[in-house]
Amino acid sequence: QVQLVESGGGLVQPGGSLRLSCAASRSILSIYNMGWYRQAPGKQRELVATATSGGRTNFADSVQGRFTISRDDAKNMVYLQMNKVKPEDTAVYYCNAFFNGVSYWGQGTQVTVSS
């Protein structure tokens, strides 16, 4: 019942910055949890960051202090600001919406960190 489209991925040098965007097809005001996950080659999808409608945020230890998640509910947008990126951040990044016991996923956007 909600479509998610990510954008903003690309090639970035170590130490650089990148901002990912997620556009939702409907209002996200009623969606309790929005988040970003990533999947590297040969690995399972893992949590990067989440943000609740109440303003609570959660980050993986590996990105805490470097990444920021934000919601603009009025525009049905979710962002992931990536700073001081590392080669191990290389992955496909997915936008996620979780409510009523169901996870919805975008198509993913590739982020490659390399010099």
Side-chain angles (χ1 to χ4, degrees):
Q1 293 186 343
V2 55
Q3 299 170 50
L4 305 170
V5 180
E6 304 95 334
S7 62
L11 177 65
V12 61
Q13 294 183 346
S17 297
L18 203 65
R19 189 177 81 156
L20 306 183
S21 299
C22 173
S25 63
R26 53 151 289 167
S27 172
I28 63 172
L29 286 172
S30 63
I31 301 178
Y32 175 72
N33 214 356
M34 299 291 301
W36 288 93
Y37 292 71
R38 67 187 182 188
Q39 187 168 23
K43 295 186 177 181
Q44 292 184 312
R45 193 171 299 181
E46 65 177 357
L47 169 72
V48 176
T50 60
T52 71
S53 58
R56 294 182 62 188
T57 58
N58 182 53
F59 298 91
D61 289 344
S62 59
V63 307
Q64 192 163 15
R66 299 187 297 119
F67 291 7
T68 301
I69 186 172
S70 60
R71 298 171 58 147
D72 189 341
D73 290 2
K75 296 182 178 180
N76 301 325
M77 297 289 293
V78 184
Y79 304 97
L80 183 69
Q81 179 66 46
M82 307 169 61
N83 297 324
K84 299 180 179 180
V85 297
K86 304 175 180 179
E88 51 263 44
D89 294 323
T90 296
V92 177
Y93 284 71
Y94 296 91
C95 184
N96 170 258
F98 181 79
F99 70 104
N100 294 336
V102 178
S103 284
Y104 297 87
W105 300 94
Q107 85 287 354
T109 185
Q110 176 72 46
V111 173
T112 302
V113 182
S114 176
S115 60

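- Contacts of Asp73 classified as salt bridge (charged side-chain N to carboxylate O under 4.0 Å, His left out), with partners at least two apart in sequence or in another chain: Arg71.
- With a 4.5 Å cut-off on side-chain heavy atoms, Asn76 and Ser27 count as touching.
- Here Val5 sits alone; no ILVMFWY side chain lies under 4.5 Å from its own, so it joins no hydrophobic cluster.
- Taking the side-chain contact (heavy atoms from CB on, under 4.5 Å) definition, one finds that Lys43 meets it with Ala40, sequence neighbours left out.
- The line from OG1 of Thr50 to CG of Asn33 is 4.5 Å long, rounded to the nearest 0.5 Å.
- The closest donor-acceptor contact from the side chain of Gln107 to the backbone of Glu6 lies under 3.5 Å.
- Judged as a side-chain contact (heavy atoms from CB on, under 4.5 Å), and not counting sequence neighbours, Gln13 has no contacts.
- Applying the ring pair (Phe, Tyr, Trp, His ring centres under 6.0 Å) test to every pair with at least one member in residues 66-99, sequence neighbours left out, gives these pairs: Phe99-Tyr104.
- Heavy-atom neighbours of Glu88 CD from other residues, nucleotides or ligands within 6.0 Å: above the threshold of 12.
- Sorted by first and then second residue, the disulfide bond (SG atoms under 2.5 Å apart) pairs with a member in residues 17-115 read Cys22-Cys95; sequence neighbours excluded.
- For residues 8-62, the ring pair (Phe, Tyr, Trp, His ring centres under 6.0 Å) pairs, not counting sequence neighbours, are Tyr37-Trp105.
- For residues 26-42, the salt bridge (Lys or Arg N to Asp or Glu O under 4.0 Å) pairs, not counting sequence neighbours, are Arg38-Glu46, Arg38-Asp89.
- Residues satisfying the side-chain hydrogen bond (donor to acceptor under 3.5 Å, both in side chains) test with Gln3, not counting sequence neighbours, are none.
- Here Ala60 pairs with Ser62, Val63 under the side-chain contact (heavy atoms from CB on, under 4.5 Å) rule; sequence neighbours left out.
- Residues passing the side-chain contact (heavy atoms from CB on, under 4.5 Å) test with Thr68, sequence neighbours excluded: Gln81.
- Pairs engaging residues 25-76 under the disulfide bond (SG atoms under 2.5 Å apart) rule: none recorded [sequence neighbours left out].
- Taking CD of Gln110 as the reference point, atom OG1 of Thr90 lies at 7.5 Å (rounded to 0.5 Å).
- The minimum heavy-atom distance linking Leu80 with Val48 is given by the pair CD2-CG1, 4.2 Å.
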